[in-house]
Amino acid sequence: MDFTLDDEQIALREAVRGLLARRYGDFEERRRSVSSDLGHDPTLWKALAEMGALGLPFSEEDGGMGAGPVEVGLVAQEVGRVLAPEPYLAAVVLAGGVVASLGTDAQRAEVLGELSSGNLHLALAHAEPGRRWSDTASSVTATLVGDEWRISGVKEPVLHGDAGTLVVTAALPEGGTGAFLVAGESATTTTATAYDGTRVSRVVLDGARGVPLGEAGADATEGIAVALDRARITACHEALGAMEAALAATTGYLRSRKQFGVPLSTFQALTFRAADMYVAVELSTSMVWWATMVAAERDATATREAAARAALQVSRAGRLVGQEAIQLHGGIGMTAEYLVGNLKAHLTALDHLLGDGSHHLRSLAQGVAAYDALDPLA
Amino acid sequence: MDFTLDDEQIALREAVRGLLARRYGDFEERRRSVSSDLGHDPTLWKALAEMGALGLPFSEEDGGMGAGPVEVGLVAQEVGRVLAPEPYLAAVVLAGGVVASLGTDAQRAEVLGELSSGNLHLALAHAEPGRRWSDTASSVTATLVGDEWRISGVKEPVLHGDAGTLVVTAALPEGGTGAFLVAGESATTTTATAYDGTRVSRVVLDGARGVPLGEAGADATEGIAVALDRARITACHEALGAMEAALAATTGYLRSRKQFGVPLSTFQALTFRAADMYVAVELSTSMVWWATMVAAERDATATREAAARAALQVSRAGRLVGQEAIQLHGGIGMTAEYLVGNLKAHLTALDHLLGDGSHHLRSLAQGVAAYDALDPLA
Amino acid sequence: MRLSLSAEDQAFRQEMAELFTSVVPAEVRRTVLEGGEITEQMFRTSQRALNDAGIAVPHWPQQWGGRGWTELQRHLWHEEMQRAGVPTPLPFNVSMIGPVLIQFASQEMKERFLPATASLDIWWSQGFSEPDAGSDLAGLRTSAVRDGDDWIVNGQKTWTTLGQYGDWIFTLVRTDPAVKKQAGISMLLIDMTSPGVEVRPIQLIDGGHEVNEVWFTDVRVPGENLVGEVNQGWTMAKFLLGNERVGVAPVAMVKRMLGRAKEVAADQLDDPVVRARVAELENELLALELTTLRVVAHSDGGEPHPASSVLKLRGTELQQAVSELVVDLAGPASLVPPDSESDLPLWARRSAPVYLNYRKASIYGGSNEIQRQIIAGTILGL
Amino acid sequence: MRLSLSAEDQAFRQEMAELFTSVVPAEVRRTVLEGGEITEQMFRTSQRALNDAGIAVPHWPQQWGGRGWTELQRHLWHEEMQRAGVPTPLPFNVSMIGPVLIQFASQEMKERFLPATASLDIWWSQGFSEPDAGSDLAGLRTSAVRDGDDWIVNGQKTWTTLGQYGDWIFTLVRTDPAVKKQAGISMLLIDMTSPGVEVRPIQLIDGGHEVNEVWFTDVRVPGENLVGEVNQGWTMAKFLLGNERVGVAPVAMVKRMLGRAKEVAADQLDDPVVRARVAELENELLALELTTLRVVAHSDGGEPHPASSVLKLRGTELQQAVSELVVDLAGPASLVPPDSESDLPLWARRSAPVYLNYRKASIYGGSNEIQRQIIAGTILGL
């Protein structure tokens with residue numbers, strides 16, 4: 001068991017960190033990017049592609065970098081640290097992940113190659129109104145009309161759904177869930193900016209033409225689940241970056257801000273709470289990197305459990321760290337122009353995107369009687 | 001709605017407080033009483049009887065004082081404050097309560113009169129191994145042999161079971177649970193001192209003769225439940241007294257104890273925690289007195305719910321207050337000769353005697369969908 | 001000890017419930033009950049209606065529109081108002097500057113301002129906090145310098161809630177920089193249309209515009225606008241902080257929020273863990289409500305009950321906990337903004353902004369750290 | 001990044017598991033696994049067996065019985081020992097005075113004491129805390145005054161864990177009252193059979209006798225029993241506190257306790273709320289265990305990883321939380337003492353005393369307040 005990064009991984013982290021710090025080190029720049037037409041910076045996206053960051057999870061045959069969950073996690077952590085609004089999680093990990101799980105050789109080579117090079121905007125349309133964090137589709141259906149698949153129904157919320165190509169999941173006529181590539185223009189999409197700066201869309205499909213990912217008519221539920229679990233772990237990395245930034249901002253503020261003529265760090269009731277934030281961040285770091293290693297080395301079942309464990313830990317920690325960061329800042333922590341409140345907002349959004357702590361606890365609790373004790377070294 | 005005590009109630013509280021302070025104001029005296037043969041002080045018991053404290057819950061026809069839950073609560077609070085080991089809850093409220101619920105006029109007059117005058121030692125043998133906080137009996141059974149009821153089985157834990165007369169619950173031949181008066185000498189009783197100083201007994205009945213309380217063969221479950229709910233509220237009062245004492249000891253210690261050359265009250269991280277203890281005590285006070293008024297004025301169903309609510313609140317508060325009291329004291333809080341650790345021990349025992357917080361939360365959660373919001377003024 | 005309300009108080013409660021639903025427009029109340037955004041006009045309409053019905057400022061002296069009610073009646077008035085979905089009368093008017101004027105102002109100033117304060121014809125803003133004087137209020141720097149009979153005010157206030165609607169602002173200003181900081185502060189009333197007053201919005205993390213910066217650049221204020229005596233401002237500030245403590249637990253509002261959550265997310269109550277979480281919150285709210293009633297009952301005509309400092313602390317904690325539950329019940333639907341075209345329910349889309357907005361509850365109006373300080377210091381003697 | 005143990009470490013782990021179960025008597029291990037009370041003799045038997053097998057003091061230098069293992073191997077040794085129910089070698093011997101002697105003592109003193117320290121032929125007690133010097137250790141008052149070559153010691157130590165079994169005690173004593181408090185402290189080794197040493201039991205709230213007061217009245221201590229130099233005691237104390245931090249999270253022990261709770265109270269796992277509580281604790285324990293492994297992996301040959309200060313803080317919190325769960329699972333059976341005749345299961349009757357006993361975990365050996373102080377000060381720079 002080894003939690004250390006190799007030199008190449010460290011170099012990747014430094015490169016991404018440097019690039020993002022140059023672009024969004026000034027938080028005002030991030031705000032500007034969020035409120036631009038696209039909601040993110042296409043030049044930065046291209047730069048990430050050139051650095052190889054967009055192709056990390058995909059094999060070299062598919063046009064990717066042949067790296068894995070560790071490298072993806074490193075990038076996500078840096079994205080979270082500065083709240084970069086670029087759709088790394090949405091396009092690369094979620095949508096790209098489903099394509100990587102399910103696509104034919106040709107589909108993977110075409111879609112993931114273009115995605116890796118930053119030329120293709122891809123989004124996953126999976127969530128449906130009235131359902132919470134399911135692996136399957138139900139109200140959106142796919143029908144075979146002649147030899148064409150037609151998809152109908154409403155997908156919402158879809159992250160960055162105003163993309164050129166959509167990966168759409170849909171209930172199959174014979175049962176099970178299929179995944180399809182759908183041209184963005186064949187859907188009616190309305191997009192808004194969520195409270196954390198993320199673009200969220202409502203995607204209405206009315207007989208839109210879909211190209212099955214992989215074998216037509218086959219149940220894709222497992223492939224979708226694999227991609228979702230990997231995305232859960234990636235979301236934990238984003239949260240980790242955001243928590244580290246929140247802790248750093250808070251300790252900096254306690255050192256520098258004066259009240260009653262002395263720095264806030266004079267007040268032990270405040271510094272002890274910062275210590276508890278630190279504890280939460282350290283525990284989360286261990287759990288998230290462990291889950292990442294499980295995803296890299298073990299099977300889908302093990303990864304599903306590890307993703308749930310990491311998500312539970314990060315859900316609890318994110319609430320504590322985010323809430324305390326605001327509270328210890330006082331009024332300034334509530335304002336949109338200051339980093340800390342936005343970190344909390346993004347932590348809240350990540351928490352509810354792919355399953356919150358209670359959701360994952362429910363699934364973990366199911367199995368609790370089946371074993372004596374957990375052994376991460378087994 | 002009125003939370004104030006009338007003059008008579010205040011006088012009662014002051015009288016009991018004075019009596020108990022004279023006896024156990026020095027904590028060493030309480031330790032001595034606990035380790036005496038009886039485990040409590042018969043002289044003090046007699047003095048409480050003379051003051052009328054033992055007859056408070058019973059009607060004047062039954063030889064009691066005709067007071068009610070408010071007065072009983074006042075006494076219990078003072079008992080809890082000094083950790084008096086006298087069996088007020090066990091004999092008067094639990095065992096006496098079952099007799100008051102179920103006994104015939106003659107039984108009530110005989111038993112409760114003697115109990116009120118301090119001449120009769122009474123204990124309730126209800127709990128059974130393998131069951132948690134049930135209203136009914138199951139493994140202890142009553143059989144009719146000729147015209148005599150014979151009781152067999154093991155009751156444990158029984159509070160102060162080395163009593164002259166036992167009130168024993170037992171499963172009836174035709175179903176339901178009966179309650180019986182059993183002579184202490186007809187049972188085989190072993191008694192030990194629990195970690196909080198309370199006497200707990202194992203009572204083995206092997207065909208012991210029992211006199212049915214009330215109508216022979218009738219199901220006594222409801223009467224038992226009523227007595228248990230009233231005892232739950234009384235236990236909350238004991239806990240309230242103990243919490244108040246723990247808070248007072250803690251603030252006193254923070255003011256007087258020096259570390260690093262300054263009083264502990266200089267450390268804001270500690271004083272803020274004392275503030276949270278205070279909050280917990282105040283909220284508990286409101287809840288417990290409310291439940292007491294419900295018991296005094298409303299029916300058994302309302303009292304059951306109110307008892308659960310008070311017990312849940314006090315369970316949570318007692319853990320916080322007890323744990324923090326020890327932690328803020330440091331090592332001295334762990335020692336048997338010092339009040340604070342014993343307060344925590346007794347709070348723990350009270351918490352598990354008649355149903356802990358999770359137990360009551362479970363029952364409250366069942367009904368949560370049945371109403372919109374609680375209205376204590378309705 | 002008595003559990004029930006007296007027949008008289010029961011009747012009073014009933015009367016209030018009926019009054020609120022009859023005098024305040026249904027549209028306003030519906031917006032409140034559904035957790036929607038209350039516009040300036042709704043605030044003004046509602047308070048004017050209450051004032052016309054004689055129930056906008058019941059706690060003021062009777063000569064200025066008060067009602068001479070008991071503390072319990074005032075509590076019932078407040079709770080029934082919340083239950084009916086009536087926006088509470090603007091606290092800056094009815095709980096802050098109103099009582100200050102009644103206590104400290106000249107008869108002339110009272111006559112000039114109190115009627116319009118009760119009716120909300122003047123919308124008051126509060127000008128206390130400054131960028132470098134938050135919890136340490138006495139460190140404020142905004143200065144007022146004599147110029148003939150007038151004062152010239154320069155400086156900046158911040159966290160001015162709803163300042164964008166303000167007609168007038170009551171400010172604490174430094175009138176003597178030479179003395180101990182508390183001793184050199186006065187209270188000035190400033191017409192916000194005066195030249196040199198500028199209100200700048202502060203956007204909050206929930207996306208809303210609720211607080212403001214207010215800048216004063218050589219603002220000329222007539223001498224008659226000074227409240228009470230020069231350098232008496234700190235006394236007034238302390239008077240206000242003392243006033244604020246009783247009855248600030250937003251119990252009825254949090255109960256309403258929790259009750260509504262049970263209704264809109266009824267299907268999730270099948271989960272025993274969700275049920276337990278709801279039941280635990282309900283119990284904590286009940287304990288707080290009972291504590292409020294206990295404090296209220298004890299406060300009649302005397303000092304506030306010591307437990308009153310518990311109310312804000314615990315009230316805001318529960319407000320935040322319930323708003324967190326609502327986001328969790330909303331789940332992924334909480335990511336979609338309330339104002340966008342959506343198939344997802346509005347309550348779910350409002351949940352995250354509301355949750356983020358309520359983070360302020362433990363900061364504004366005396367942070368929870370200040371509340372703990374008060375409990376530890378004043379009540380526990382630490 | 002690598003998830004699995006290397007083949008070598010896997011084999012090492014296996015070897016340890018086998019060694020522990022083969023060399024330590026089954027009766028001792030069963031007592032530990034069932035949460036029973038470990039007698040003095042069991043401690044001595046067990047440590048002697050470990051020492052004979054060469055695994056009592058693996059972290060010492062090899063010349064004194066150490067093994068030159070990696071940090072990870074030492075961790076695996078510790079965890080497997082816990083899993084097998086082997087009492088850990090007495091920390092006063094192997095983690096405290098042993099390392100101090102190795103670092104600071106003369107060769108002669110090392111040869112005299114270290115072998116018997118490793119084998120527990122000398123049972124060491126710790127004489128640091130005093131009634132008025134707890135968290136503020138440097139405020140200690142026990143004095144040692146020169147008398148020829150000897151020292152005369154007077155004073156009182158307290159919280160001396162298992163002092164009733166002690167053969168020798170290592171003490172911090174004040175040898176120079178005139179200088180700054182940290183500068184006038186020395187470390188003396190005292191034979192507990194010396195005239196004037198008196199051990200008085202302190203009964204704890206769980207009813208057990210685990211800690212003691214140790215009184216010194218004109219105790220004559222040979223000069224050769226001074227460790228290192230005069231007035232070097234504070235350096236040694238700091239050295240010890242630094243040593244203490246790594247690997248103090250009792251993860252394996254808490255896991256064992258939780259695993260056993262699931263087994264003995266299996267029927268209660270039907271309740272979803274109980275299941276959720278267990279699952280939450282398991283997850284928190286996993287996070288702590290992984291953090292321990294991360295710290296261990298980083299500590300090889302260098303400074304301890306900053307996160308190591310998390311381990312004691314969080315470890316004791318979880319130890320307490322799991323012990324609280326066990327009392328709740330025991331329910332009313334927790335009221336009956338373990339040593340009485342009873343039909344109730346022993347685990348349930350032990351639960352409350354264990355829970356009360358573990359309240360000490362967040363107090364002794366550097367309270368959790370001290371741990372937070374270290375994190376805030378040393379790591380966060382506050």
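The analysis underlying the following values was restricted to heavy atoms, covering all of them including side chains, and did not include hydrogens, waters or symmetry mates. As the structure is a computational prediction, the values presented were derived from the model and not from experiment. Naming convention: chains lettered A, B, ... in sequence-line order (proteins, then strands); numbering from 1 in each chain.
Between chain D and the residues A:Ala369, A:Ala378, A:Pro376, the most heavy-atom pairs under 4.5 angstrom are made by A:Pro376. Comparing D:Ile375, D:Val274, D:Asp270 by how many heavy-atom pairs each has under 4.5 Å with chain A, the most go to D:Ile375. With chain A as the partner, the residue from D:Gly259, D:Pro272, D:Ala287, D:Gly377 showing the most heavy-atom pairs under 4.5 Å is D:Ala287. Chain D forms more heavy-atom pairs under 4.5 Å with one residue of A:Thr271, A:Leu361, A:Leu364 than with any other, namely A:Leu361. Comparing D:Val310, D:Thr291, D:Val278 by heavy-atom pairs within less than 4.5 Å of chain A, the highest count is held by D:Thr291. Interface remark: of the candidates D:Leu269, D:Leu76, D:Asn283, D:Asn283 forms the most heavy-atom pairs closer than 4.5 Å to chain A. Of the listed residues (A:Arg316, A:Gln268, A:Gln313), the greatest number of heavy-atom pairs within a distance under 4.5 Å of chain D belongs to A:Arg316. Most heavy-atom pairs under 4.5 Å with chain A, from the set D:Gln373, D:Arg314, D:Arg256, D:Glu284: that is D:Gln373.
Of residues 283-296 of chain A, those residues with a non-hydrogen atom less than 4.5 Å from any non-hydrogen atom of chain D are, in numerical order, A:Leu283, A:Thr285, A:Ser286, A:Met287, A:Trp289, A:Trp290, A:Met293, A:Val294. Heavy-atom neighbours of chain D within the stretch residues 257-265 of chain A, taken at a separation under 4.5 angstrom, comprise A:Ser265. At a heavy-atom separation below 4.5 angstrom, chain D is approached by A:Leu247, A:Thr251, A:Leu254 within residues 229-254 of chain A.
Between the side chains of D:Glu282 and A:Tyr371, a donor-acceptor pair is found at a separation under 3.5 Å.
Between D:Arg83 and D:Glu79 there is no salt bridge, since no side-chain N of the basic residue sits under 4.0 Å from a carboxylate O of the acidic one. Under the 4.0 Å criterion applied to side-chain N and carboxylate O atoms, D:Lys255 and A:Asp372 are not assigned as salt-bridge partners. Ion pair D:Lys181/D:Asp136 flagged as a salt bridge, since at least one NZ, NE, NH1 or NH2 atom sits closer than 4.0 Å to an Asp/Glu carboxylate oxygen. The pair A:Arg319-A:Asp351 meets the salt-bridge criterion, since a charged nitrogen lies less than 4.0 angstrom from a carboxylate oxygen. The pair A:Asp2-D:Arg294 does not meet the salt-bridge criterion, since no charged nitrogen lies less than 4.0 angstrom from a carboxylate oxygen.
The shortest side-chain heavy-atom distance between A:Asp6 and A:Gln9 falls under the 4.5 Å cut-off. Residues A:Val92 and A:Phe58 form a side-chain contact, since some pair of their non-hydrogen atoms from C-beta on lies under 4.5 Å apart. Contact annotation: the side chain of A:Val340 never approaches that of A:Ile332 to less than 4.5 Å [non-hydrogen atoms, C-beta and beyond].
Only the side chain of D:Leu313 comes within contact range of chain A, with at least one heavy atom under 4.5 Å from a heavy atom of that chain. D:Ala276 touches chain A through backbone and side chain together, each having a heavy atom under 4.5 Å away. Residue A:Arg362: no heavy atom, backbone or side chain, is found under 4.5 Å from chain D. At a 4.5 Å heavy-atom cutoff, the contact between A:Glu297 and chain D is made by side-chain atoms alone. For A:Asp375, the parts lying near chain D are the backbone and the side chain together; criterion is any non-hydrogen pair under 4.5 Å. Within the 4.5 angstrom heavy-atom criterion, only side-chain atoms of A:Val70, from C-beta onward, approach chain D. Of the two parts of D:Arg13, only the side chain, counted from C-beta on, holds a non-hydrogen atom closer than 4.5 Å to a non-hydrogen atom of chain A. Neither the backbone nor the side chain of D:Glu263 comes within contact range of chain A; no heavy atoms are under 4.5 Å apart. The contact between D:Gln10 and chain A is made entirely by side chain atoms (from C-beta outward), counting heavy-atom distances below 4.5 Å. Interface remark: D:Leu258 contributes no atoms to any contact with chain A (heavy atom separation under 4.5 Å).
Nearest heavy atom pair, residue A:Ala225 against residue A:Asp135, reads CB-OD2, 3.6 Å. When all heavy atoms are compared, the tightest approach of D:Asn368 to D:Glu317 is ND2-CG, 4.1 Å. Closest approach of A:Met65 and A:Gly52 over heavy atoms only: CG-O, 3.2 Å.
In terms of modelled atom types and a separation under 3.5 Å, the side chain of A:His360 and the main chain of A:Gly355 share a donor-acceptor contact. When atom types are taken as modelled, the side chain of A:Glu71 and the backbone of A:Gly68 share a donor-acceptor pair closer than 3.5 angstrom. Here the side chain of D:Ser334 pairs no donor or acceptor atom with the backbone of D:Ala330 at under 3.5 angstrom. In this structure, A:Ser315 contributes its side chain and A:Leu312 its backbone to no donor-acceptor pair below 3.5 Å. Formation of a donor-acceptor pair under 3.5 Å by the D:Arg67 side chain with backbone atoms of D:Trp69 is not found in this model. Of the possible polar contacts, one joining the A:His329 side chain to the A:Ala325 backbone as a donor-acceptor pair under 3.5 Å is found.
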Worksheet item: Hey, mind stepping through D:Glu18 and D:Gln14 against side chain to side chain donor-acceptor pair (under 3.5 Å) and telling me if it holds?
Response: CA-CA 6 Å; D:Glu18 282 158 18; D:Gln14 189 58 37; 3.0 Å; yes

Discussion item. Does D:Arg277 form a salt bridge (Lys or Arg N to Asp or Glu O under 4.0 Å) with D:Asp328? I'd like the steps, not just the answer.
Written reply: CA-CA 11 Å; D:Arg277 186 171 170 193; D:Asp328 291 344; 2.9 Å; yes

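For residues 357-382 of chain D, no pair satisfies ring-ring contact (aromatic ring centres under 6.0 Å, His included), with sequence neighbours left out.
Ring orientation note: the planes of D:His59 and D:Trp77 are tilted relative to one another, at an angle of 30° to 60°.
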